[in-house]
Amino acid sequence: MSHSINACQAINEFVVRFANTNGTGSASANNMFAKAIIRMGIPVSAKNIFPSNIQGMPTWYEVRISEKNYLARRGGNSELVVAMNAQSMREDIDSVAPGGYLLYDSSKSLSTEGLREDIHYLGMPISAICIKEYQDPRQQQLFKNVIYVGALAALLNIEFEVLKSLVGDQFKSKKKLITPNIYALEIGYQFANRHFTCPLPIKVERRDLINNRIMVDGNTATGLGAVYGGATVVGWYPITPSTSVVEKFASYCERLRIDPATGKKNYALVQAEDELAAIGMAIGAGWNGARAFTATSGPGISLMSEFLGLAYFAEIPVVVIDVQRAGPSTGMPTRTQQSDILSCAYASHGDTKHILLFPSDPAECFELTAMAFDLADQLQTPIIVMSDLDLGMNDHLTEEFAWDDNRKYQLGKVLSQQNLDDIDDFGRYLDVDQDGVCYRTLPGTHPEKGAFFTRGTSRNRYAGYTEKSDDYVDNMQRLNKKFAHASSFLPQAEVNQGKKPAKIGLIYFGTTSHAIEESVAQLKEQGLSADTFRIRAFPFNHQLSDFINNHDHIYVIEQNRDAQMRTLIINELNASPMKLTAIVHYDGLPITSRYIVDNIVLELSANLATQKVG
Amino acid sequence: MSHSINACQAINEFVVRFANTNGTGSASANNMFAKAIIRMGIPVSAKNIFPSNIQGMPTWYEVRISEKNYLARRGGNSELVVAMNAQSMREDIDSVAPGGYLLYDSSKSLSTEGLREDIHYLGMPISAICIKEYQDPRQQQLFKNVIYVGALAALLNIEFEVLKSLVGDQFKSKKKLITPNIYALEIGYQFANRHFTCPLPIKVERRDLINNRIMVDGNTATGLGAVYGGATVVGWYPITPSTSVVEKFASYCERLRIDPATGKKNYALVQAEDELAAIGMAIGAGWNGARAFTATSGPGISLMSEFLGLAYFAEIPVVVIDVQRAGPSTGMPTRTQQSDILSCAYASHGDTKHILLFPSDPAECFELTAMAFDLADQLQTPIIVMSDLDLGMNDHLTEEFAWDDNRKYQLGKVLSQQNLDDIDDFGRYLDVDQDGVCYRTLPGTHPEKGAFFTRGTSRNRYAGYTEKSDDYVDNMQRLNKKFAHASSFLPQAEVNQGKKPAKIGLIYFGTTSHAIEESVAQLKEQGLSADTFRIRAFPFNHQLSDFINNHDHIYVIEQNRDAQMRTLIINELNASPMKLTAIVHYDGLPITSRYIVDNIVLELSANLATQKVG
Amino acid sequence: MSYIKSKFHHPRLPVNDLGLTYRDYEGALSTLCAGCGHDAITSALVQACHELSLPPHQVAKMSGIGCSSKAPNYYLNKAHGFNSVHGRMPSVTTGANLANKDLTYIAMSGDGDSASIGLGQFAHVVRRQLDMVYIVANNGVYGLTKGQLAATADKGVTNKAGELSLFTDIDLCVMALQLGATFVARSFSGDKKQLVPLLKAAISHQGFAYIDIISPCVTFNNHSTSTRSYDYVHEHITTAAIADFVPVKKEITSDCAEGACEDICLHDGSLMRIRKLESDYETQNPMKAITDIEAHKKKGEILTGLMYLKPTASHFHDINNTADTPLNKLSQDVLCPGSRVLSSINDSFR
Amino acid sequence: MSYIKSKFHHPRLPVNDLGLTYRDYEGALSTLCAGCGHDAITSALVQACHELSLPPHQVAKMSGIGCSSKAPNYYLNKAHGFNSVHGRMPSVTTGANLANKDLTYIAMSGDGDSASIGLGQFAHVVRRQLDMVYIVANNGVYGLTKGQLAATADKGVTNKAGELSLFTDIDLCVMALQLGATFVARSFSGDKKQLVPLLKAAISHQGFAYIDIISPCVTFNNHSTSTRSYDYVHEHITTAAIADFVPVKKEITSDCAEGACEDICLHDGSLMRIRKLESDYETQNPMKAITDIEAHKKKGEILTGLMYLKPTASHFHDINNTADTPLNKLSQDVLCPGSRVLSSINDSFR
Ligand SMILES: Cc1ncc(C[n+]2csc(CCOP(=O)(O)OP(=O)(O)O)c2C)c(N)n1
Ligand SMILES: Cc1ncc(C[n+]2csc(CCOP(=O)(O)OP(=O)(O)O)c2C)c(N)n1
Ligand code: SF4
Ligand code: SF4
Ligand SMILES: [Mg+2]
Ligand SMILES: [Mg+2]
């Protein structure tokens, strides 16, 4: 078929999409493909689009290769689709860009009806080959994936040596698997060379654009950050997409937190009976002076809200990791969103406010998670790290993790026995330093002094129960003071802005960051220059108000329906809603620069129109 | 002592404050006092200020007598304080207005040190009298209260006949208690007449200002409203101050909902194991076509938030009564606040929004609760009735309850077997009427058609599970459409505004209403005219935007720290924050007009100052 | 992707008293792993409901969250279902049942759903004696979240990921017995011959019926060291008593040895024929049932079959004395006292 | 209003090994109702801790919400306390205990707090064998919310408001036994002679110790038809075994008849002397304990005393193999792997 139709041409700038069935072990092969390209010095982003089910359903893996270093999901159709799932063949064919390529298993021939004329079909009888090559059905299954990777090497001009070294690293521990895997790669490689004109017009060429970056998922980074941050107590309950945060924390602890002398654990991890218990444990530990956290997603945040209110009001340090997914309710557990902003910022009944951190890549997951434990101790309140499924579960090319060995944990205002002896008037809630943060004591510190009764009820400065209006108001105002004071501790925003501000300002956070550089470039192509402001923490500070004041058009870009961050900005900074246009993307897939730019342009022209009219 | 100090003078405009110990049965006596004045045709408001404890702690009962019909708490000191609690004597003495009166138990003489010179002391050896009159210590305790009410009758010129008739009504069922109570009243009445110059310069005079109003607490009204609204299933969990909603519902059902033929219950009420179970039961019943509700307060709302998200997303009718108390966390369970606004409006993770109703007096508790069941069925979503402790637990003078017998329950879009036979294409989430509200079916309706699987996960229009981005977005947008559509069903706001709008606009809701008329009058005295807007439901409509646009200065008056209603207004109407000044009162006591007016004036002058400066 | 299977009916499919074939009791195509025990429960339920001639639309399928809780989508597509939230199915079912006592409530839960997050609601729905069938698909792990240990996992076993179960397992049968469940059984999804009659009995039982069904997770808990794998269970299962359900009309043929059988008459005149495989077995002694369960555990055996049956059980609505008409069918004139009553109520507040 | 009592020490007050008088173990003035059973528990605890010479500041007082949960404010004012949220004390205590295994965790809860909203957490903290003393002040009602029935109320009784208890009570002793608690006792706040030694034993027990203390609510559940009133309990109480705690140094005088006594040696060499009041009593047989409890209930009796004791119990930290240094005392250099390790971790992601 694929005679005189024009072909996609691209070097180091295209998308390869893999269509597989989940539970068939395609993940590691696809991962090998992405890593190989990185090892050739070319930036890559990889998005796993998987079902909320364990086995037998369609799953996709979208690899964007970009020497321009644009690492958001590109969106749109792909130049090359590896279609290994009969179930989804129809939509997979539709997902090929005109002039693009479909690599499929030709053991069974494609049903011809409605086949597109504008794409190239690369048939390879992979199943047949596997049945010939392997007896064990499990192997027939697994090596399929390795074989098509071999074929891709030939088609896309991937250095075979790179793949071999990858296999070597991957099976360091199971050496006997190396040869069969390389053999499978070769099968595919040779088949492709023999039957297709390799390489294709879309291909890769070695570059040196990776520097010291690493490829890792955010949850691994978060778990590791908790280890470095000194977390010792974890209460958790499994929920996608947060589960691997704790699993990674646990596996690093098994390596790094075992007392060499006794073989005993320098940490305690409990799979709780539910999320209420999970955060209850973290709070109990925080109250008792250990660094503690829990990790959860959507529904867990709802269940934790009563306890979050207690921790806010009783002023107990605790770290909560929220790996956001598509809500409401159970929603789409395997899709990404940034839709817990409001439910976290104001979690719990009554006048409650919480500190939020917004990492945008794994390096920052590591850094902000570690920092969260300092902040929790310094501010004696919950710190919620707002990750999401895209960040947490997809591999990202990110700066390597960094740790300064001179850095010291900030344990905040905790009184020692000595301190207590030196003080003659201890009151747990006395605002000694006038910053709203009071001195606390830990159980067991002093035989005579410093003991107090922690409660979720109203109390005076000496921690005594009170229903007196003045005491109550006094305490509530101090909590507000503390919250205002907090912003000075929090990570600064990332601002890109010329000497004279551009007309347009983009406010964004978290994984939306990956699409911003590209968006700015695309806007420039349209003659629109834009400054950018990346929020890294809540509460905000004057920086953000200034940015808003300095720009005529502000776009708040976020991945939820209700423009929750915009609400937070307006509410906390008294910013004019008229000035803040929401660009919301909430279909569960990571946001793209195309979507951002299209919507900004649309809105601007609409704007102009109305101006013309009125 | 009380020689030449000037004395308070007042007829039908003063405050009497009772200081008692809780668990000593003072409540019913104090209540009799308030009712007596109402029966003399004079408006009264009564605030119970009680501790979160069962027995032995100070408790206050503040009765404001106002022929001007100003029924908010007046605040400030009281013209007459009945000080029956030695524990709180000091502060009770301080709470007397200069020239005012202190009625105290002189069985033990007051410790003279630091006694005020500027008030009148009315000593009455009540304990001594009781010990003389009664053997049984419990009686000595109880009749104390009745005796001082008798004394007050003489002091304040309350018609003794009125008291007698009240006793008669109160003990209709326990006739033998009538004589001893009247006897006790007489003891006090005669003692006062003999020892004090009665009546005092502060006294009451018969009027005819009550009309058909009744004196009742909001929770009773809410419970009764649920009976009239057709609620049949209740899952609940005890929590102050919401408990009596269900207790009243239950006691009315025992009278009005027993099948005469069989003696069986036309309702089912379950004290659940906790709030999660309580709302789970209500949701299960709503799903199955019964009218169901739960009632709770602060912490319960936090615990219900996951389920509220399910009901929003799965579109299940359910009514939740939130009787708000002072938060955060356990806070002050026996103090009032309006601080669950945000946690209810946006309850649960993900993009979730809920419909709120804001009753301001018991008559409206009855009406809006009954209406809530119609709204829940019509809109297939949770309806949250936002009451508070002041409204729910204090008696209020309110319009009598009204019910139109022609009124028909609005059951919304529920398909019968016949309907289903007539439809050839049923889809649970098909937006047939383009109003975002779809047709639902109840289990057991049709042997062949209309069955579907209700879920909290994403689904297509035919209720089939989906992870397709388009299906998800389609559904989320329809939910938004439904929410917008909802405002047309909701109760209209109460607007007071002249032909040409005043400079100032006051936005308020719920129990703050009681202080508004008085505030407007006081502002007028200061030469400031104000229009007013009482919010009765969320989501809002253009009415509110118009009101905001028509006024230069808008004050949003509410009883929480964080100006939560203001947030909601700004966020949902894109109103300019600069224009909306928050007047927040959150010390746990009901708001007063003094507080409102003082703060408005303060803010205005500050405003002017800055204008002068800049 | 839960589309409905082909509606083609084989002409010779057996029909039940309602003239329905088992096809009429099926649901959407399962999306569970090939070989998942839960799919076996699904087909057993389909057969049981078909043989009982239950009108499919008179059933309400309730569940929480988990692979097991997805299962209701795969049977009885003519019945409404409610896949609620994790661990809270019991309260939702309670509310549904209060609203309409006339439906048959068949609830499917998992051991994570019921023994961890849902344990409180589980205990209290048992205590309230709700008229329902409560099925727990017991696989010892959290399937849907990829294999973490459940609280029902035996102490000392490791899950596929190698995590060790540190604590004694929670046995929901024991807890149900303890809290007054009126029908308690344990079964195995791999033993349809035992499972189907037990399901029929449970469904026919008026009152709270609990069935714990060991249902292997082939993906995360079917490895050699697992005590919930098909192999392990097959090797260690023992049965106290098999329950055969004998519908009303079908007359009883005495096909069993002296004393080895006990016939229990159910509310509607149908029979439960209990075949005692252990000589000292007693149908109506919960304390003994508990002791037996623990005793077999000590021996490394898994005791299955009917553990306890109280034929004349009362359930929530008897106890609550609820009206005979389902509450969701009461009309406004029954529910609303009207204005006359209201004015007398008003008078009580003057 | 919880101010501290006069610090005046009577010169002749007896002092314990730490030179402290019982005054040093008191707390704020109680705000509970005069005569509330909970206040009796408070003074029993004060006495027990004093007699055990516990350093007060080495105790952590944990509770949920309720009148009973307020009680910790009324004893041991030199100890930190945490009055958390309703029904969630077990998880908070678990976290606190994980953070610092060296404190003594004495937790006070109510029957509403533990048998209703907290039942799931109760069951799971028992299962995890946390080293703590878990006290439930069992009064059959919700005191702080004015007397609603608790799930522990006996079936058929009515509360003061006249509401009838429709369902069988949940017995937390039975549940604790069932879930593997290593110390289980029931006592009565009106019987200090029995309560104090039991508390001392529970506190001295290493591992999870549960004590259910019947503690009458004088305001809402002390009426004539109540089965939790002082009178009723006094009349219907029977005791299986009294436990006397014998500290290490104190040498044992054999003051009891043949067979009637059993001495159990505790971890620290101290003794539990069990005086069997029922001939067939067994200290270490949980199943029998359950049967006995149920049997006495049938007879309308309330069985109290030590129900079960496993002297050599292991607890969470043994099982988890936690480090000997409390986790909250580990320094940064122990916790933080540092940059060298990090760079090798980085390499694993290239
Ligand atoms: C509140 C909440 N917490 C956690 C989850 C994540 N989650 C989904 S299913 C599940 C456990 C399922 O285990 P089980 O009930 O045993 O069912 P199985 O998959 O084993 O059949 C969990 C923890 C959730 N959906 N909701
Ligand atoms: C989440 C939540 N729900 C409800 C309440 C209200 N509440 C306070 S104490 C209590 C029950 C107390 O009963 P119990 O635990 O038996 O203690 P007691 O007062 O009887 O000693 C309840 C329901 C609450 N504080 N928090
Ligand atoms: S993961 Fe386990 S429980 Fe879930 S579907 Fe697969 S086999 Fe069944
Ligand atoms: S209400 Fe009952 S439980 Fe609470 S303090 Fe009073 S007597 Fe004790
Ligand atoms: Mg499971
Ligand atoms: Mg209680």
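Quick note on labels: first sequence line is chain A, next is B, and so on, each numbered from 1. Given the structure is predicted, the values throughout are model-derived calculations rather than measurements. Scope of the values below: all heavy atoms of this structure, side chains included, with no hydrogens, waters or symmetry mates.
- For the residue pair D:H124 and A:D274, no side-chain donor N or O sits within less than 3.5 Å of a side-chain acceptor on the partner.
- With a threshold of 4.5 angstrom between heavy atoms, A:K449 does not approach chain D through any atom at all.
- Here A:Y409 contributes atom OH and D:S331 contributes atom OG; the two are 9.0 Å apart, rounded to the nearest 0.5 Å.
- The most heavy-atom pairs under 4.5 Å with chain D, out of A:T445, A:L442, A:D259, A:N460, come from A:L442.
- Listed by sequence position, D:H57, D:Q58 are the residues of residues 49-58 of chain D in contact with chain A, using a 4.5 angstrom heavy-atom cutoff.
- Rounding to the nearest 0.5 Å gives a distance of 9.5 Å between CD of D:Q121 and CG of D:D113.
- Between chain D and the residues A:G230, A:G289, A:A277, the largest count of heavy-atom pairs under 4.5 Å involves A:A277.
- In this structure, no portion of D:R127 lies under 4.5 Å from any heavy atom of chain A.
- Comment: D:D131 does not engage D:K101 in a salt bridge, judged by the lack of any side-chain N to carboxylate O separation of less than 4.0 angstrom.
- Put simply, of A:A231, A:P447, A:A290, A:A402, the one with the most heavy-atom pairs under 4.5 Å next to chain D is A:P447.
- For the pair D:T182 (side chain) and D:F208 (backbone), a donor-acceptor distance under 3.5 Å is present.
- Only the side chain of D:M62 comes within contact range of chain A, with heavy atoms under 4.5 Å apart.
- Heavy atoms of D:T93 lying under 4.5 Å from chain A are absent altogether.
- Contact annotation for D:L330: only side-chain heavy atoms (C-beta onward) come within less than 4.5 Å of a heavy atom of chain A.
- Neither the backbone nor the side chain of A:A370 comes within less than 4.5 Å of any heavy atom in chain D.
- Within 6.0 Å of the NZ atom in A:K265, the count of heavy atoms belonging to other residues, nucleotides or ligands exceeds 12.
- Contact annotation for A:I258: neither backbone nor side-chain heavy atoms come within less than 4.5 Å of a heavy atom of chain D.
- Residue A:L397 does not touch chain D at all, counting heavy-atom pairs closer than 4.5 Å.
- Of all the listed residues (A:G450, A:G456, A:A282), the one sharing the greatest number of non-hydrogen pairs under 4.5 Å with chain D is A:G450.
- Only the side chain of D:L103 comes within less than 4.5 Å of a heavy atom of chain A; its backbone N, CA, C and O stay farther away.
- Contact annotation for A:T220: only side-chain heavy atoms (C-beta onward) come within less than 4.5 Å of a heavy atom of chain D.
- Using a 4.5 Å cut-off between heavy atoms, A:N266 contacts chain D through both its backbone and its side chain.
- In this structure, chain D has no heavy atom under 4.5 Å from any part of A:R291.
- A:R255 pairs by the side-chain contact (heavy atoms from CB on, under 4.5 Å) definition with A:Y252, D:I345, not counting sequence neighbours.
- Distance CE/A:M215 to NZ/A:K35: 8.5 Å, rounded to 0.5 Å.
- The aromatic ring centroids of A:F249 and A:F293 lie less than 6.0 Å from each other.
- Proximity to chain D (any heavy atom under 4.5 Å) is shown, for A:A292, by neither the backbone nor the side chain.
- Both the backbone and the side chain of A:N212 come within less than 4.5 Å of a heavy atom in chain D.
- Neither the backbone nor the side chain of D:T325 comes within less than 4.5 Å of any heavy atom of chain A.
- Judged purely by distance below 3.5 Å, without hydrogens or angles, the side chains of D:S339 and A:D405 pair a donor atom with an acceptor atom.
- Looking at A:V227, both its backbone and its side chain come within 4.5 Å of chain D, counting heavy atoms on both sides.
- Residue D:P326 does not touch chain A at all, counting heavy-atom pairs closer than 4.5 Å.
- Comparing D:V125, D:T322, D:T94, D:D333 by how many heavy-atom pairs each has under 4.5 Å with chain A, the most go to D:T322.
- For D:F122 and D:Y134, the gap between ring centers is short of 6.0 Å.
- Interface residue D:V341: backbone and side-chain heavy atoms are both found under 4.5 Å from chain A.
- Residue contact with chain D, scored on non-hydrogen atoms closer than 4.5 Å, involves the backbone and the side chain of A:L276 alike.
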